[in-house]
Amino acid sequence: MIALLLVLLPLITGVATFFLRKENAAKKLALLSSLATMVISILGLTLFNKTELLQFSADWLPGLGTKFDIRLDGMGQLLCLLTAISFPLIFISTWQRTYKNAHNFFALMLLAQAGLMGVFLAMDALVFYFFWELALIPVYFLCSMWGGEKRIAATFKFFIYTFAGSVLMLVALIYLQTQTVDHSFSINSFYQLEIKNDIQNWLFVLMFIAFAIKMPLFPFHTWQPDLYEQSPTSTTMVLSGIMVKMGLFGVIRWLLPTLPSASFAYGETTVAVLAVIGMLYASLLAMRQNDMKRLIAYSSIAHIGLMVIAIFAETQLAMQGVMIQLFSHGINIIGLWIIVEWIERKYGTTKFSELGGLAQKAPVMSILFVVIALANISLPLTNGFVGEFLMFSGIFTSKIFTYQIVITAAAGVCIILSAVYMLRMVQKIIYGNTSAITANATDIGFNEKFALSIIALLILAVGLFPQPILDLTQTTATQILNEANILHLLKK
Amino acid sequence: MNALIVTAVLGVMMMFSSIVLKRNSAIRMLAIVGLLFTFIANVLDSSGVHFFSINIKGMMHFDQFAYFFISISIFCTFIFFLLSAKEMERIGVNYSEYFALIFFILCGIILVASFTSLLILFLGIEIISIPLYILTGSDKKNLKSNEASLKYFLLGAFSTGIMLMGIALFYGSTGSFSVENSVVIAATTSPMLLIGILLLLFSMSFKVSAAPFHFWAPDVYDGAPTVFTSFMATIVKAAAFIAFIRLFSLAFTPLQDRWQLIVAVIIALTLFVGNITAVFQQSVKRMLAYSSIAQSGFMLMALLAFNTFSVEGILLYIVAYSISTMGIFSVLVKMKDSSLEEFNGFAKHQPVLAVALTVFLLSLAGIPLTAGFLSKFYMLKAVMHSGNFLWLIIFAVLMAAVSVYYYFRIIQVMFFKESDSNTIIVSTSFKWLLSALAIIIIVLGVYPQLLLQFLV
């Protein structure tokens with residue numbers, strides 16, 4: 001019931017919002033709907049945390065071996081919570097912004113939310129694919145309609161890229177389905193598959209490309225900086241905060257347990273190498289940026305790289321670290337985008353060279369900004385630290401990597417670099433003398449204060465007391481590692 | 001059998017109707033009512049109520065699949081009439097004759113959907129083709145239309161010749177026109193039979209505009225009056241597919257390993273040529289012509305793999321493809337020319353139509369939640385299920401990704417470009433109809449059983 005509501009509520013309110021002609025009504029309905037979704041998600045974690053409430057299954061296309069099967073497991077709970085918390089924050093923090101045809105904007109946002117929820121809930125490969133694409137379509141329209149000057153080209157590139165990736169994944173999914181004993185797309189049948197190594201290898205390529213494009217992993221990342229820059233900021237928040245997590249999530253849930261030997265074969269030799277290259281490359285590029293948006297985009301690539309490596313390290317610590325980081329990174333990056341959005345709305349620019357001295361004029365914003373930036377560098381006491389620490393120790397103790405020291409060292413360099421570019425950004429924007437543009441700056445309004453405070457609270461809460469999240473994700477992580485365990489397979 | 005005779009009689013009736021009926025709207029009404037009657041007759045036929053009992057000497061066989069496909073063709077023609085029948089007035093003065101020709105084509109479609117003898121197949125294909133040559137050239141003052149008609153006629157006659165040669169060789173080696181496995185098995189070793197099959201394969205590929213036999217299609221689709229292009233590229237094409245699949249699945253399965261690879265190569269070529277060329281088109285009409293070639297590639301996959309998935313899939317594909325393409329054409333007909341610029345700012349002036357067109361385009365591109373996705377999915381699954389040709393599947397989905405490029409270009413200009421002038425004027429009923437079609441596409445994309453349950 002909870003699971004179904006998480007998808008249906010944004011879907012229905014989203015469709016309803018299309019028919020609201022008044023901007024204010026659409027805005028309010030969207031906010032209400034997202035708040036309700038958040039309440040449901042929290043209730044699912046606490047009050048109604050019972051297995052029968054967290055799943056829903058209905059017949060759908062029996063001839064094709066697929067069922068509409070959705071269920072919340074630990075990881076799903078966490079990512080649905082992220083989605084559910086993000087949308088109200090996004091709506092609140094961008095409340096002042098006005099859009100042309102606002103009802104369409106908010107309707108598409110809610111539809112995107114429904115799609116994302118579905119991706120995190122799906123326990124059937126075809127349902128997963130459906131939602132995977134459905135999350136994409138609203139985002140395509142959001143970016144192309146309300147984005148910046150070069151939006152159409154940037155969005156189109158993104159769309160073609162991800163679509164090409166996902167159809168390749170579809171081929172792999174169909175192939176896997178024909179191999180299952182009961183000819184079904186259900187996740188359990190997929191987990192029971194034992195496919196020959198050479199076939200696993202090319203299936204891995206097909207599926208991994210789809211996920212790698214979404215994450216994005218070097219060298220599939222080229223769509224990302226342009227799109228983040230050109231999209232309307234609230235959509236960028238959805239994209240960077242939640243949507244890129246789909247790629248990592250897909251690897252954890254659908255790739256690793258289904259194709260264990262290929263994951264082992266490619267995990268270190270290809271994926272980790274690409275990820276390390278991508279991390280160093282993105283970090284170096286981030287240091288050279290003069291624009292907040294692009295800097296955050298590149299920093300996101302660097303963070304994602306570490307998470308990918310941690311997934312393929314296949315240790316309990318790293319896996320749980322990734323899951324925490326999926327949540328934390330989502331929260332942190334949305335926080336950063338809220339600040340970018342505010343600065344852009346106020347001053348019409350996000351270039352460092354034109355900003356500066358905001359600490360004098362906007363102290364509250366500056367404090368919150370620094371907190372979020374530090375979380376992004378993963379300083380102790382922040383949520384970023386918990387995730388990255390777990391991932392580092394997980395990678396370092398990985399039994400299946402041969403060069404874990406090299407990988408850990410390279411990733412460590414990236415953490416240092418992340419401190420360099422994040423602090424440089426903080427310094428350029430809030431310290432120093434005020435520029436012509438920021439001379440008459442004022443502090444952030446109530447909406448931003450509210451949204452950013454919640455984010456700061458979450459940062460500290462997870463940073464100080466991560467145990468609930470660790471408990472939540474433990475079972476899922478263990479289960480996935482059991483399925484993916486190559487040693488266990490070899491023994492058989 | 002009911003529908004066959006009803007359409008033939010209606011064709012003659014429509015031909016002479018202009019003597020009695022002076023107003024175009026009356027003629028149109030007669031055609032629509034006649035079509036509805038045909039539909040009912042066919043449905044009754046499939047449930048056992050036969051109007052006529054004629055001994056067809058085993059040359060035709062109406063199975064459930066045939067009935068179902070005939071119903072679909074009639075239904076799609078019905079939608080075509082509702083969408084575009086009024087536009088036919090603008091082409092020429094012989095309004096009633098266009099309807100007569102369309103009824104004759106339907107008659108041919110019924111023949112090719114139910115043949116068990118090669119003679120009937122030939123008859124059906126010819127009954128479809130000859131009215132089409134006329135419809136293509138019906139815009140008599142337009143040079144492009146004349147050229148298209150002549151081209152179509154010459155190439156069509158040529159391919160019919162090849163087909164006849166194939167039939168002759170088939171007859172020569174098996175001693176029968178009957179399309180049955182047993183006949184073929186008796187003569188499998190005969191090289192003459194193989195050549196016959198090959199010739200039939202080529203001529204049928206021509207009819208469904210599969211590469212490298214597609215060269216006529218863009219010119220003919222582009223030159224013909226847009227109304228008739230929409231009919232030709234959808235319903236008629238679907239019928240050619242059904243004939244193709246029926247012929248090969250009934251008779252030539254014993255020799256499957258001999259021709260399967262050729263079909264696979266034809267599919268790959270068709271997908272490649274159709275999609276890549278469509279990318280470079282500036283005229284929407286021509287782009288749709290190439291897109292229809294590209295879609296043939298996917299539909300041909302049903303020929304490559306015969307199983308339950310391909311049977312269900314091809315029907316779903318035909319419905320999804322026909323409705324979407326006719327929907328887009330019906331808007332295109334109302335425009336001055338068919339350049340991409342015509343669609344600039346379309347969403348602002350005609351929001352309802354723009355949303356419907358977007359659904360159609362998404363369906364053609366194969367985006368989930370539309371019937372187009374599920375039908376492509378069925379096709380891929382059918383081929384995957386047959387176990388071979390993985391390279392083809394991967395190639396096909398990559399080509400599907402290419403197709404997104406040109407379908408989305410229309411969406412882009414509709415929604416993200418500005419234009420001050422409202423290019424078309426449409427009635428409210430037209431908007432309702434198009435919205436209804438868009439809803440059908442989405443409903444079938446979520447719940448295809450609504451359609452496929454009739455197949456059992």
Side-chain angles (χ1 to χ4, degrees), chain A residues 18 59-66 68 100-101 104 111 115 118 126-137 140-141 143-147 151-153 155-157 159-179 183 185 199 202-203 205-206 210, chain B residues 307-309 311-313 316 347-348 351 355 358-359 362 365-370 373-374 376-387 390-409 411-417 445-449 452-453 455-456:
Chain A
F18 273 120
D59 264 351
W60 181 59
L61 310 179
L64 291 175
T66 182
F68 187 80
K100 218 167 77 182
N101 296 325
N104 291 342
L111 291 184
L126 194 62
V127 177
F128 170 72
Y129 183 82
F130 249 74
F131 282 118
W132 175 274
E133 293 282 342
L134 281 193
L136 181 64
I137 303 286
Y140 169 79
F141 280 99
C143 300
S144 314
M145 294 252 237
W146 290 277
R151 61 188 192 274
I152 294 179
T155 322
F156 203 29
K157 184 174 175 185
F159 191 83
I160 299 261
Y161 248 95
T162 46
F163 187 75
S166 37
V167 287
L168 290 177
M169 173 171 79
L170 181 66
V171 174
L173 293 180
I174 299 177
Y175 182 87
L176 286 169
Q177 190 252 4
T178 55
Q179 298 300 308
H183 288 292
F185 277 106
I199 298 178
W202 65 257
L203 284 175
V205 173
L206 290 181
Chain B
N307 44 42
T308 47
F309 301 119
V311 171
E312 292 183 351
L316 191 63
K348 203 170 147 197
V355 171
T358 307
V359 172
L362 291 179
I367 307 287
L369 212 69
T370 61
F373 166 73
L374 268 189
K376 280 200 171 72
F377 179 81
Y378 265 103
M379 288 299 155
L380 295 176
K381 183 140 172 43
V383 177
M384 189 73 90
H385 207 75
S386 71
L390 253 170
W391 59 270
L392 182 67
I393 297 176
I394 294 174
F395 184 74
V397 296
L398 286 177
M399 285 297 133
V402 172
S403 78
V404 166
Y405 179 83
Y406 54 85
Y407 290 129
F408 270 63
R409 261 198 342 181
I411 298 181
Q412 279 177 357
V413 296
M414 283 198 304
F415 283 91
F416 316 135
K417 286 254 171 79
V446 180
Y447 203 67
Q449 279 96 333
L452 298 175
Q453 62 181 345
L455 195 60
V456 199

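Computed from heavy atoms alone, side chains included, the values below leave out hydrogens, waters and symmetry copies. Naming: A, B, ... by sequence-line order, numbering from 1 per chain.
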J.: Measuring heavy-atom distances to chain B, does Phe131(A) have an atom under 4.5 Å in its side chain, in its backbone, in both, or in neither?
T.: neither
J.: Flag the pair Leu64(A) / Phe377(B) as yes when at least one side-chain heavy-atom distance between them is below 4.5 Å, and no otherwise.
T.: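 Yes. Closest side-chain heavy atoms under 4.5 Å.
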J.: Which is it for Phe373(B) and Leu170(A) under the side chain to side chain contact (heavy atoms under 4.5 Å, CB included) test, yes or no, and what are the steps along the way?
T.: CA-CA 11 Å; Phe373(B) 166 73; Leu170(A) 181 66; 3.9 Å; yes
J.: Nearest 0.5 Å, what's the CH2-CG distance between Trp202(A) and Leu390(B)?
T.: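 So the gap between those two atoms works out to 4.5 Å.
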J.: What's the spacing between Leu362(B) CG and Tyr140(A) OH if we round to 0.5 Å?
T.: 9.0 Å
J.: Between Leu134(A) and Pro368(B), what is the shortest heavy-atom contact and its length?
T.: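 Result for this residue pair: CD2-O, 4.0 Å.
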J.: Is chain B contacted by the side chain of Ile137(A), its backbone, both, or neither, given a heavy-atom distance below 4.5 Å?
T.: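 When you check distances to chain B, only side chain atoms of Ile137(A) fall under 4.5 Å.
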J.: Where is the tightest heavy-atom contact between Arg151(A) and Phe416(B), given as atom of each residue plus distance?
T.: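 Nearest heavy atoms, Arg151(A) then Phe416(B): NH2-O, 3.8 Å.
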J.: Taking it one step at a time, do Leu398(B) and Leu168(A) satisfy side chain to side chain contact (heavy atoms under 4.5 Å, CB included)?
T.: CA-CA 7 Å; Leu398(B) 286 177; Leu168(A) 290 177; 4.1 Å; yes
J.: Hey, are the side chains of Gln177(A) and Lys381(B) touching, using non-hydrogen atoms and a 4.5 Å cut-off?
T.: yes
J.: Mind checking whether Phe141(A) and Phe415(B) have parallel, tilted or perpendicular rings, split at 30° and 60°?
T.: perpendicular
J.: For the atom pair CG (Leu126(A)) and CG (Leu374(B)), what is the distance rounded to the nearest 0.5 Å?
T.: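 Result: 7.5 Å between the selected atoms.
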J.: Could you have a look at Leu206(A), Leu136(A), Ile174(A) and say which one has the most heavy-atom pairs with chain B under 4.5 angstrom?
T.: Ile174(A)
J.: Does any heavy atom of chain A fall under 4.5 Å from the side chain of Thr358(B), the backbone, both, or neither of them?
T.: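 Only the side chain of Thr358(B) comes within 4.5 Å of chain A.
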J.: Could you look at Lys157(A) and say if it's the side chain, the backbone, both or neither that has a heavy atom under 4.5 Å from chain B?
T.: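 Neither; nothing under 4.5 Å.
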J.: Which atoms of Val402(B) come close to chain A, meaning under 4.5 Å heavy atom to heavy atom: side chain ones, backbone ones, both, or neither?
T.: neither
J.: Among the options Ile394(B), Leu369(B), Thr308(B), pick out the one with the most heavy-atom pairs lying under 4.5 Å from chain A.
T.: Leu369(B)
J.: Quick one: what part of Ile160(A) sits under 4.5 Å from any heavy atom of chain B, side chain, backbone, both or neither?
T.: side chain
J.: Quick one: what part of Ala365(B) sits under 4.5 Å from any heavy atom of chain A, side chain, backbone, both or neither?
T.: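 For Ala365(B), backbone heavy atoms alone lie under 4.5 Å from chain A.
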J.: Could you check if a side-chain atom of Val171(A) sits within less than 4.5 angstrom of a side-chain atom of Met384(B), using non-hydrogen atoms only?
T.: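 A side-chain contact under 4.5 Å exists here.
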J.: Where on Ser144(A) is there a heavy atom nearer than 4.5 Å to chain B: the side chain, the backbone, both, or neither?
T.: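 Interface part for Ser144(A): both.
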J.: Parallel under 30°, tilted from 30 to 60°, perpendicular over 60°: which one fits the rings of Phe408(B) and Phe156(A)?
T.: parallel
J.: I need the minimum non-hydrogen distance between Gly366(B) and Phe163(A), along with the two atoms involved.
T.: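 Where Gly366(B) meets Phe163(A) most closely, the heavy atoms are O-CZ, 4.1 Å.
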